[in-house]
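In this chain, numbering begins with 1 at the start of the sequence shown.
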Amino acid sequence: MNNLNTANPNNYLFETKYLKIQVLGGIRFNNLEALRVTLGIQKLKTETVLRQNIDLYNDTSIEKLTRKVAERLEIGTTIIRRDLDQLTNELENYRLQEVEQQGKIYEKQVKVLTENEIKTAKAFLQNQNLIQETQNLIGKAGVIGEEVNRLLMYLIFTSRKTNNPLHCISLGSSGAGKTHLQSKVAELIPEEDKIEMTVLSANAFYYFNRTELRGKLILIEDLDGAESVLYPLRELQSKKRITKTVVHKDKKGTTKTIHLTVEGPVCVSGCTTQESIYEDNSNRSFLLYIDESEVQDEKIMNYQRKLSAGKTNQEEELQAKLLLQNCQRLLKTITVKNPFAEYLSLPQSVFKPRRTNAHYLQFIEVITFYKQYQKFHHIDKETGEEYIETTVEDIQEANELIKEVLLRKSDTLTGASRNHLENLKEYLKQNNQTQFTNSEIRRNLRVKETTLRRYNNQLLSENYIKKVKSKNTKSYCYEITDIEEYKNLKTLIDKALQDCITQIQLANSHTTNHAKMAKSIKTKPVT
């Protein structure tokens with residue numbers, strides 16, 4: 001028999017044959033380890049009320065309250081203890097039902113594809129020019145410009161379905177469109193596969209269900225709002241699981257330690273303006289620098305004007321999004337083997353080469369994984385495991401996309417300082433000069449004084465610029481030490497990547513020649 005009345009969420013009523021108990025303020029639903037309540041207990045047909053704040057899971061406190069109520073209200077301890085136990089059970093059942101109901105409300109339903117949707121998505125994934133077609137479709141879905149970044153981000157988000165997901169951080173100045181790019185590309189991922197977060201508490205990640213995050217895309221709007229969870233986030237990225245030990249009291253008040261474990265793997269994407277602050281997280285991620293050029297500005301503003309004029313094809317955008325989402329739903333986790341991995345090496349200029357090398361190989365695997373519907377599925381004779389193999393074409397497509405990432409990984413400057421230096425070079429080239437002053441740059445490139453001072457300090461310390469005396473005014477000004485340094489670095493990386501392809505092609509040709517020779521010897525008639 002249910003004697004609990006929860007009609008008023010701030011004042012539950014519980015009546016038995018002898019007692020009327022109020023649960024003042026209701027109960028909390030976010031802490032299932034305790035059942036702390038404020039009770040108002042009175043004997044029926046009397047005015048005397050005893051109020052007490054108590055954890056109903058603490059057996060020692062229950063015993064003390066029982067004796068106190070028996071003494072104050074003149075009722076037997078057996079009756080009081082029985083009624084309090086019944087109240088505890090009913091509150092516990094009510095809370096569990098509510099938590100389960102809330103879970104069902106927020107649970108993202110997995111879409112079941114129709115036969116036609118499966119056919120269309122499969123046909124798209126079997127396209128021999130899949131990467132370029134995906135690039136075109138992302139554009140049709142309403143992601144304007146950022147051609148390399150948007151495709152990189154989409155493929156990184158796709159890696160959530162692999163055993164070794166990649167991660168990315170979008171970097172750029174305030175208002176450059178970091179969050180917009182992330183949210184627009186995330187729209188191409190099925191709702192059931194992503195979790196969007198704005199602000200996180202320090203223990204947020206530990207209270208997910210054990211497998212709730214497995215294979216999910218975690219989107220963090222601003223890393224500045226998630227500083228408290230950066231450590232568990234890094235552990236989840238590296239170790240693919242996190243564990244926290246907490247103290248718990250059972251119904252008898254006995255203290256025990258329990259382990260809260262949340263399993264991955266997960267794909268994490270975040271945005272920030274402060275590159276240096278999140279260095280530990282950056283090392284685990286692809287760094288995508290937002291295009292802040294005037295060309296990109298014009299693309300976005302042109303789209304905004306068309307949108308305002310009602311001249312964008314909203315139906316085409318929706319269909320493109322749905323097709324890419326359905327393609328994601330069709331992709332199945334499968335092992336990828338790269339038979340050419342031993343020929344792939346990064347240029348020596350790359351910082352943190354061990355981690356960057358792992359990212360490079362993983363990205364090639366993601367390209368192969370995404371093209372799984374056009375690959376021959378092998379079976380390992382020893383283990384029976386199904387797998388697909390990377391081709392030279394997959395490596396070439398990965399190299400084209402990853403060039404900019406490797407270039408930034410090889411640069412000693414932060415993204416903002418590098419962009420400023422390249423703008424300086426362009427300014428000097430246009431004005432046919434080699435020297436510049438701070439006031440000149442502030443005026444012509446519209447850079448704040450504090451920002452320019454920060455840029456200059458880094459450029460001076462890294463010897464990208466130097467102080468010199470002006471030939472005309474004899475006052476101090478600045479000069480770039482090596483105009484071609486970034487172009488040379490880019491050439492070095494291009495050559496290193498091309499050398500990898502050349503080595504693979506040479507190895508393939510040798511293998512083919514050996515096979516032909518062996519065949520000719522085998523078929524040569526005996527004399």
Q.
Quick one, Arg443 with Glu440, criterion salt bridge (Lys or Arg N to Asp or Glu O under 4.0 Å). Give me CA distance, side-chain angles, the key distance, then yes/no.
A. CA-CA 5 Å; Arg443 183 173 63 254; Glu440 178 186 6; 5.9 Å; no

Quick one: closest heavy-atom pair of [X] and [Y], and the distance?
X	Y	result
Glu117	Lys111	OE2-NZ, 3.1 Å
Leu171	Lys178	C-CD, 3.7 Å
Phe369	Ile388	CA-CD1, 4.2 Å
His359	Leu166	O-CD2, 4.1 Å
Leu188	Ala141	CD2-CB, 3.7 Å
Leu125	Leu130	O-CD2, 3.7 Å

Is the closest side-chain heavy-atom distance between [X] and [Y] below 4.5 Å?
X	Y	value
Ile189	Leu324	no
Lys240	Asn164	yes
Gln128	Lys371	no
Thr481	Ile465	no
Gln458	Leu413	yes
Asp494	Thr491	no
Val262	Glu212	no
Tyr360	Leu497	yes

Do [X] and [Y] sit within salt-bridge range, that is, some charged N less than 4.0 Å from a carboxylate O?
X	Y	answer
Asp394	Lys375	yes
Lys239	Glu235	yes
Lys495	Asp499	yes
Glu485	Arg418	yes
Arg453	Glu449	yes
Lys429	Glu426	no
Glu298	Arg305	yes
Lys337	Glu365	no
Glu484	Lys487	yes

Rounded to the nearest 0.5 Å, how far apart are [atom1] of [X] and [atom2] of [Y]?
X	Y	atom1	atom2	answer
Arg210	Thr261	CZ	OG1	5.0 Å
Gln362	Asn163	CD	CG	10.5 Å
Asn457	Leu452	CG	CG	9.5 Å
Cys500	Leu344	SG	CG	5.0 Å

Counting only N and O atoms by type, is there a donor-acceptor contact under 3.5 Å from the side chain of [X] to the main-chain atoms of [Y]?
X	Y	answer
Glu196	Ile218	no
Gln237	Val268	no
Thr333	Lys161	yes
Gln325	Glu187	yes
Arg150	Gln135	yes
Glu422	Asn419	no
Glu386	His378	no
Lys425	Ile483	yes
Lys184	Thr179	no
Gln372	Lys332	yes

Q. Which is it for Leu323 and Thr120 under the side-chain contact (heavy atoms from CB on, under 4.5 Å) test, yes or no, and what are the steps along the way?
A. CA-CA 8 Å; Leu323 177 53; Thr120 305; 4.0 Å; yes

Q: Please confirm whether Tyr373 and Phe124 have ring centers closer than 6.0 angstrom.
A: no

Q: Verify whether the ring centers belonging to Tyr387 and His377 lie closer than 6.0 Å.
A: no

May I ask you to check whether over 12 heavy atoms, not counting those of [X], lie within 6.0 Å of atom [atom1]?
X	atom1	answer
Gln314	CD	yes
Lys490	NZ	no
Asn338	CG	yes

Q. Can Lys321 and Lys140 be said to form a side-chain contact (heavy atoms from CB on, under 4.5 Å), step by step?
A. CA-CA 8 Å; Lys321 287 177 186 177; Lys140 288 180 182 177; over 6 Å; no

Q: Give the intermediate values and the outcome of ring-ring contact (aromatic ring centres under 6.0 Å, His included) for residues Phe286 and His167.
A: CA-CA 6 Å; Phe286 275 58; His167 317 279; 9.4 Å; no

Does any donor atom in the side chain of [X] or [Y] lie under 3.5 Å from an acceptor atom in the other side chain?
X	Y	result
Thr158	Gln328	yes
Thr412	Tyr464	yes
Gln435	Glu479	yes
Gln182	Ser170	no
Asn456	Asn438	yes

Q.
Does Glu315 form a side chain to side chain donor-acceptor pair (under 3.5 Å) with Gln319? I'd like the steps, not just the answer.
A. CA-CA 6 Å; Glu315 182 60 28; Gln319 291 305 316; 2.8 Å; yes

Q: Please assess Tyr486 against Leu407 for the test side-chain contact (heavy atoms from CB on, under 4.5 Å), listing each intermediate value before the final yes or no.
A: CA-CA 9 Å; Tyr486 199 52; Leu407 186 60; 3.3 Å; yes

Q: Carefully, step by step, assess Gln132 and Asn136 under the rule side chain to side chain donor-acceptor pair (under 3.5 Å).
A: CA-CA 6 Å; Gln132 186 55 51; Asn136 298 337; 3.1 Å; yes

Q.
Checking salt bridge (Lys or Arg N to Asp or Glu O under 4.0 Å) between Asp193 and each of Arg329, Arg160, Lys216, which is the one that passes?
A. Arg160

Q: Mind running side-chain contact (heavy atoms from CB on, under 4.5 Å) on Leu287 and Arg408 for me, showing each step along the way?
A: CA-CA 8 Å; Leu287 303 183; Arg408 295 288 191 172; 5.7 Å; no

